[in-house]
**Q** 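Following this message is one structure expressed as structure tokens.
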2 protein chains.
Amino acid sequence: MEQAIQSTKFKNETHKAGLNILYTAWWLKTSFSQALKEYGLTHEQYNVLRILKGKHPEQMCVRDIACRMIEKSSNVPRIVDRLEIKKLVKRSVSSFDKRETMIQLTAAGLLLLEVTTKKADELFDIQLCVTDEEAKLLNELLEKLRQKEV
Amino acid sequence: MEQAIQSTKFKNETHKAGLNILYTAWWLKTSFSQALKEYGLTHEQYNVLRILKGKHPEQMCVRDIACRMIEKSSNVPRIVDRLEIKKLVKRSVSSFDKRETMIQLTAAGLLLLEVTTKKADELFDIQLCVTDEEAKLLNELLEKLRQKEV
DNA sequence: TTAATTTAGATGTATATACATGTATTGGTA
DNA sequence: TACCAATACATGTATATACATCTAAATTAA
């Protein structure tokens with residue numbers, strides 16, 4: 001990381017860990033986006049599809065999708081716009097509550113997701129060079145680090 | 001994290017770690033941006049100022065700034081545009097190589113950076129709840145995780 | 001039942017990200 | 001020297017992020 005951001009002096013190890021997390025996330029997101037590119041999907045579009053898959057063939061409202069996104073400030077209606085243009089999802093007004101827009105995967109969306117999920121999972125397995133045990137420790141450390149979460 | 005993204009089942013610990021890193025980075029970036037907001041700076045604008053500080057009072061060319069950014073795909077000329085409008089940096093053509101644009105902190109930029117750096121460092125110290133030892137371990141794990149870096 | 005408040009999501013704006021292209025300058029090569 | 005490739009950066013485009021505002025529908029209160 002020192003090499004990546006051309007910096008060797010950090011205030012302390014915690015400060016360095018903060019930058020390291022930001023850098024690692026960027027690195028991971030970049031490889032991920034790269035892998036999805038040949039399918040014409042962005043990282044965020046993939047995430048929405050993946051979330052929809054969790055309930056498929058049931059529909060989900062925009063709000064439910066949003067609260068499952070990793071980046072909470074994602075603008076889900078706009079991401080859905082793009083998926084709808086590509087016929088990967090279908091919008092409909094909820095009959096239960098007319099304010100809600102229900103989103104459902106199309107057959108094309110489901111198919112594309114299956115292929116890309118395989119690719120994405122492979123990427124995670126190949127790219128992330130930690131053992132199961134180390135990953136567990138990493139998860140614990142990250143949870144502890146974020147304990148002041150609001 | 002499971003609560004944050006409403007998901008409890010992951011393919012394996014490594015997969016979970018990947019999402020955990022992405023989520024933690026988002027969380028960190030958000031608190032960071034929040035803290036900078038009252039100074040009218042974005043996260044990225046702050047980063048450029050901080051990088052310039054490292055060489056101050058010397059100037060730096062756009063390329064040198066870019067390769068020190070955490071997010072390598074940052075569009076530095078555009079970020080500099082915004083800093084220049086706010087009179088926090090000054091652009092000039094390099095006399096050494098007329099293709100290069102040299103960037104230098106102004107007195108206002110230096111002052112603002114000093115105040116915001118204090119805030120940012122405080123945030124890191126308060127927000128990141130790990131000991132020095134844990135941070136060290138976290139750094140090692142992240143470096144290992146990224147060993148397939150290109 | 002009407003009015004006020006809340007909620008869902010669409011839409012607008014500024015900035016950033018990711019990447020492609022354009023322009024000027026430089027350095028290498030015939 | 002003249003030409004060509006490479007480099008530095010500016011600029012254009014599509015999408016995303018972060019946040020504000022708007023509209024319609026539902027809920028609550030008067």
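This is a predicted model, so every value here is computed, not measured. Scope of the values below: all heavy atoms of this structure, side chains included, with no hydrogens, waters or symmetry mates. Order of the sequence lines fixes the chain letters, A, B, ..., with proteins taken first and strands second; residue numbering starts at 1 for each chain.
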**Q** Could you state the CG-P distance from A:L41 to D:dA14, rounded to the nearest angstrom?
**A** 18 Å
**Q** Quick one: on DNA chain D, does B:R63 or A:K98 contact a more 5' nucleotide (nearest heavy atom)?
**A** B:R63
**Q** Counting only side-chain nitrogens and oxygens, does B:T101 get under 4.0 Å of the OP1 or OP2 atom of D:dA10?
**A** yes
**Q** In terms of the nearest nucleotide of DNA chain C, which residue is placed more toward the 5' end: B:K29 or A:P77?
**A** A:P77
**Q** Which whole-number value in Å describes the distance from A:N47 CG to D:dA16 P?
**A** 11 Å
**Q** Nearest whole Å is fine: how far is D:dT17 C1' from A:H43 NE2?
**A** 13 Å
**Q** Base, sugar-phosphate or nothing for B:N75? Non-hydrogen atoms, less than 4.0 Å.
**A** base
**Q** Would you indicate what A:S33 reaches in the nucleic acid, counting non-hydrogen atoms under 4.0 angstrom: base, sugar-phosphate, or nothing?
**A** nothing
**Q** According to a strict under-4.0 Å criterion, is A:R99 in side-chain N/O contact with OP1 or OP2 of D:dA24?
**A** no
**Q** Does the side chain of A:Q45 come under 3.5 Å of the side chain of A:K86 through a donor N or O and an acceptor N or O?
**A** yes
**Q** Start at the 5' end of DNA chain D and walk down; is the nucleotide closest to A:I79 or to B:Q34 reached first?
**A** A:I79
**Q** Taking the minimum atom-to-atom distance to the side chain of A:S74, which one of C:dT26, D:dT17, C:dA10 wins?
**A** D:dT17
**Q** Among C:dG9, D:dA16, C:dT15, which nucleotide has an atom closest to any side-chain atom of A:Q45?
**A** D:dA16
**Q** Backbone N or O of B:A135 within a donor-acceptor pair of the A:T14 side chain at under 3.5 Å?
**A** no
**Q** Please report the distance, rounded to the nearest Å, between CD in A:E84 and P in C:dT11.
**A** 11 Å
**Q** Assign each of A:D97 and A:W26 to its nearest nucleotide of DNA chain C by heavy atoms, then name whichever residue's nucleotide is nearer the 5' end.
**A** A:D97
**Q** With side chains defined as the heavy atoms from C-beta onward, is the minimum distance between A:L142 and B:L138 less than 4.5 Å?
**A** yes
**Q** Nearest 0.5 Å, what's the CD1-SG distance between B:I103 and B:C61?
**A** 8.5 Å
**Q** Among D:dA16, D:dA6, C:dA20, which nucleotide sits nearest the side chain of A:K37?
**A** C:dA20
**Q** Go through the steps for A:Y46 and A:F32 under the test ring pair (Phe, Tyr, Trp, His ring centres under 6.0 Å), then give the verdict.
**A** CA-CA 10 Å; A:Y46 172 79; A:F32 202 64; 5.5 Å; yes
**Q** Write down the distance between CD (B:E100) and C1' (C:dG27), rounded to a whole number of angstrom.
**A** 14 Å
**Q** Whole angstrom is fine here: how far is it from CG in A:D64 over to P in C:dA8?
**A** 9 Å
**Q** So, does B:R78 get its side chain near the phosphate of D:dC9, meaning an N or O under 4.0 Å from OP1 or OP2?
**A** no
**Q** Starting at atom CD1 of B:I70, determine the distance to atom P of C:dA16, rounded to an integer number of angstrom.
**A** 15 Å
**Q** What is the distance, rounded to the nearest whole Å, between atom CD1 of B:I103 and atom C1' of D:dC9?
**A** 10 Å
